[in-house]
There are 2 protein chains.
Amino acid sequence: MKPGHPHATEDCRAVSEVLQRIGDKWSLLVVRRLGDGPLRFNELRAAVGGISQKMLTTTLRTLERDGFVTRTVFPTIPPRVDYELTELGRELEVPVKGLAEWAIANMARISEARRRFDTSTAA
Amino acid sequence: MKPGHPHATEDCRAVSEVLQRIGDKWSLLVVRRLGDGPLRFNELRAAVGGISQKMLTTTLRTLERDGFVTRTVFPTIPPRVDYELTELGRELEVPVKGLAEWAIANMARISEARRRFDTSTAA
DNA sequence: CGGGATCCGTTGGGATACTG
DNA sequence: CAGTATCCCAACGGATCCCG
């Protein structure tokens with residue numbers, strides 16, 4: 001995708017879809033936590049913080065479906081389930097980290113723009 | 001929290017928020033189109049394709065609020081409104097392009113993982 | 001031409017209760 | 001412990017009508 005190249009519409013859609021997938025409320029937080037190593041369900045729940053059990057389940061299922069995370073069940077009592085990033089999941093962290101750094105570096109500018117917009121439209 | 005891997009929780013949240021902002025259904029598509037230069041409302045509507053007038057309006061308003069886009073009104077009859085990327089908007093394209101290239105390069109792997117997951121759970 | 005206002009179906013996501 | 005099932009609300013997003 002060179003600069004000046006007429007980027008195909010389907011590619012833009014594809015990017016947008018991926019972005020929507022990992023751009024939901026919890027996926028990125030979960031992936032980030034698993035980036036430090038495998039975790040059990042409730043460990044992950046505590047590590048992420050503020051996520052409901054329902055959303056953690058659905059988030060993990062979707063991440064598993066898309067091949068970012070593996071789910072390993074140990075048939076013990078009580079049961080134990082480990083979640084771990086796949087190779088694809090770890091590779092995803094690279095471009096995401098790029099966006100992360102940009103976001104951290106620029107969130108002040110965004111907040112500032114937002115504040116300016118809000119005060120100007122309040123008139 | 002591991003030493004040597006100092007991503008604070010607030011930073012993760014911040015990234016997640018930015019990702020959700022541009023990870024909605026249309027923002028990225030709009031930004032991509034404006035990346036080729038300023039466009040009028042209906043030009044943009046046609047260029048993006050499939051977006052409703054309401055969503056284009058709200059998407060542009062939010063992008064404007066966050067400082068990614070400028071809105072210029074020409075007080076003519078009929079009215080003319082130009083939308084253009086700001087410097088911040090153009091800078092955003094850099095990390096997004098990184099993610100874009102990753103998405104395009106790996107969407108086959110995602111589709112494959114998804115297909116495998118779906119057929120295995122169908123049983 | 002570039003919206004604003006409204007209605008409405010769909011989806012996201014939290015709270016709670018129950019289960020193997 | 002690691003879920004599933006259910007209810008419920010709020011936000012997203014499309015369709016339509018109207019207006020300066």
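A, B, ... follow the sequence lines: proteins, then strands. Residue 1 opens every chain.
To the nearest 0.5 angstrom, B:R40 atom CZ is 11.5 Å from B:Y83 atom OH. Separating the CD1 atom in B:I22 from the CG atom in A:L99 is a distance of 5.0 Å, to the nearest 0.5 Å.
Panel note: side chain B:T70, backbone B:E84; a donor-acceptor pair is recorded below 3.5 Å. Listed for the A:N42 side chain is no donor-acceptor partner under 3.5 Å among the backbone atoms of A:R45. Remark: the backbone N or O of B:D24 is not paired with any side-chain donor or acceptor of B:S27 at under 3.5 angstrom.
For DNA chain C, the neighbouring residues in residues 64-78 of chain B, judged by any heavy atom under 4.0 Å, are B:R71, B:P78.
Across all strands shown, A:R61 has heavy atoms under 4.0 Å from sugar-phosphate atoms exclusively, and none from any base.
C:dG4 atom P lies 11 Å from atom CG of B:L56, rounded to whole Å. C:dG3 atom P lies 11 Å from atom CG of B:D82, rounded to whole Å. When the P atom of C:dG2 is taken as reference, atom CG of B:L60 falls 11 Å away, rounded to whole Å. Atom C1' of nucleotide C:dG2 and atom CG of B:L44 are separated by 12 Å, given to the nearest angstrom. Atom pair A:F41:CZ and C:dG20:C1' shows a separation of 15 Å (rounding to whole Å applied).
With contacts defined as side-chain heavy-atom distances shorter than 4.5 Å, the pair B:I110/A:F68 qualifies.
Residue B:Y83 places at least one side-chain N or O closer than 4.0 Å to OP1 or OP2 of C:dG3. The side chain of B:R40 places an N or O atom within less than 4.0 Å of a non-bridging phosphate oxygen (OP1 or OP2) of C:dG2. For C:dG2, neither phosphate oxygen OP1 nor OP2 lies less than 4.0 angstrom from any side-chain nitrogen or oxygen of B:R80.
B:D82 is linked by a side-chain hydrogen bond (donor to acceptor under 3.5 Å, both in side chains) to B:R80, counting only residues two or more places apart in sequence or in another chain. Judged as a salt bridge (charged side-chain N to carboxylate O under 4.0 Å, His left out), and not counting sequence neighbours, A:E17 has no contacts. In this structure, A:R61 has no salt bridge (charged side-chain N to carboxylate O under 4.0 Å, His left out) partners at least two apart in sequence or on a different chain.
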Taking only nitrogen or oxygen atoms into account, show me every contact under 3.5 Å that the protein makes with nucleotides 11-14 of chain D, one pair per line with its distance.
| residue | atom | partner | partner atom | Å |
| --- | --- | --- | --- | --- |
| D:dG13 | OP1 | B:K25 | N | 3.3 |
| D:dG13 | N7 | B:K54 | NZ | 3.2 |
| D:dG14 | OP1 | B:K25 | NZ | 2.8 |
| D:dG14 | OP2 | B:W26 | NE1 | 3.4 |
| D:dG14 | O6 | B:K54 | NZ | 2.2 |

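No option in B:L34, B:L88, B:T86 other than B:L34 meets the side-chain contact (heavy atoms from CB on, under 4.5 Å) test with B:V69. Among A:R109, A:R115, A:R114, the one residue that satisfies the salt bridge (Lys or Arg N to Asp or Glu O under 4.0 Å) test with A:E112 is A:R115.
Nearest-nucleotide assignment on DNA chain D puts the 5′-proximal partner with A:P79, out of A:P79 and A:T57.
Over its full length, the helix from C:dC1-D:dG20 to C:dG20-D:dC1 turns its helical axis through 40°, comparing axes from the five pairs at each end and rounding to 10°.
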